[in-house]
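Step one of this worksheet: look at the structure below.
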Amino acid sequence: MPQPQATVGGRDQWARAVADDWVEARRRSREGVRTVMSAGDRDELSRGAAEVRDHFAADFHGTLWERPDVRKRWVLRARNEGSVREVSDALTWTVAVSLDRILPTEFLGSTVVDAVLHSFADAVEMDCNKESREGSGPGEEKVWMLYVSRSVAAMLDWFIRHHPESAHHYIGEIMHAAHRQWEIPAEETVRTLCTAVSMDGKMSDEDRKTFFALLAPPAKTA
């Protein structure tokens with residue numbers, strides 16, 4: 001609350017305009033947005049989060065109660081660490097195979113493509129400005145100075161680790177678009193993305209090399 005503008009009869013008072021401004025600022029604050037956009041239930045979740053919760057609640061209930069082979073494990077004599085582990089593994093498997101429901105790869109992939117190409121556009125523009133100032137010698141091979149931002153690299157890394165087959169497809173789209181718009185060789189795009197993921201991602205060296213090797217243009221044969 002803002003400091004009171006006056007005290008009358010021991011009660012703090014504010015001008016109507018000041019109170020209205022405070023209410024509006026409160027409504028637009030982080031807490032206000034969360035309240036307005038909540039699902040209005042006991043957990044105070046957003047509508048999207050509540051949909052995810054309700055989906056898995058129904059799925060887990062079906063696994064734990066409607067399947068006789070699982071339900072019998074709730075009998076006290078059958079309740080041991082091994083049986084609990086089997087049930088928990090079944091539940092976590094359900095979550096793992098439902099990632100596309102939580103964050104659809106179609107939308108994520110298109111977002112990654114746009115984000116990478118935006119970074120490339122900035123890099124190409126900076127490179128062109130530098131060339132116009134310094135010039136380049138005749139016959140010199142083009143040196144590409146491409147980059148992607150840390151947040152985009154981290155998002156790409158997450159995409160590859162969780163949806164490798166979809167990431168492979170969308171990186172192919174990036175390679176095609178970069179070549180069409182700026183004549184960037186495919187191997188330069190692969191090298192840039194591999195370097196970005198190595199710096200800001202969580203993939204192991206082995207997984208990263210294996211994945212990007214599948215994107216590299218095939219070696220030319222004599």
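Atoms considered below: every heavy atom in the structure, side chains included; atoms not considered: hydrogens, waters and symmetry mates.
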How close do [X] and [Y] get, heavy atom to heavy atom, and via which atoms?
| X | Y | value |
| --- | --- | --- |
| A153 | V148 | CB-CG2, 4.1 Å |
| A178 | L117 | N-CD2, 4.2 Å |
| V152 | A115 | CG2-CB, 3.7 Å |
| F120 | Y147 | CD1-O, 3.7 Å |
| A167 | F159 | CA-CE2, 3.7 Å |
| L215 | G172 | CD2-N, 4.4 Å |

Give the ring-plane orientation class for H162 versus W158, where under 30° counts as parallel, over 60° as perpendicular and anything between as tilted.
->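 Plane angle under 30°, so parallel.
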
With a 4.5 Å cut-off on side-chain heavy-atom distances among I, L, V, M, F, W and Y, is there a chain of contacts connecting [X] to [Y]?
| X | Y | answer |
| --- | --- | --- |
| V87 | V95 | yes |
| L64 | W93 | no |
| M199 | M203 | no |

Donor-acceptor pair, side chain of [X] and main chain of [Y], under 3.5 angstrom:
| X | Y | value |
| --- | --- | --- |
| H168 | L214 | yes |
| D157 | V197 | no |
| S198 | T195 | yes |
| S88 | R85 | yes |

Non-neighbouring partners of S166 that pass side chain to side chain donor-acceptor pair (under 3.5 Å), sequence neighbours left out |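 Result, side chain to side chain donor-acceptor pair (under 3.5 Å) vs S166: none returned.
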
Start with the C-alpha distance between L193 and V116, add both sets of side-chain angles, then the distance that settles side-chain contact (heavy atoms from CB on, under 4.5 Å), and finish with yes or no.
-> CA-CA 9 Å; L193 299 182; V116 171; 3.9 Å; yes

Heavy-atom check, side chain of [X] versus side chain of [Y], under 4.5 Å:
| X | Y | answer |
| --- | --- | --- |
| L108 | Y170 | no |
| D59 | L91 | no |
| F56 | T63 | no |
| I171 | I160 | yes |

Can you tell me how far the [atom1] atom of [X] sits from the [atom2] atom of [Y], to the nearest 0.5 Å?
| X | Y | atom1 | atom2 | value |
| --- | --- | --- | --- | --- |
| D200 | R150 | CG | CZ | 5.0 Å |
| H163 | H169 | NE2 | NE2 | 14.0 Å |
| R161 | L156 | CZ | CG | 10.5 Å |
| M145 | T192 | CE | OG1 | 9.5 Å |

Which pairs with one or both residues in residues 172-189 pass salt bridge (charged side-chain N to carboxylate O under 4.0 Å, His left out), sequence neighbours excluded?
->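 Sorted result for residues 172-189: E188-R191.
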
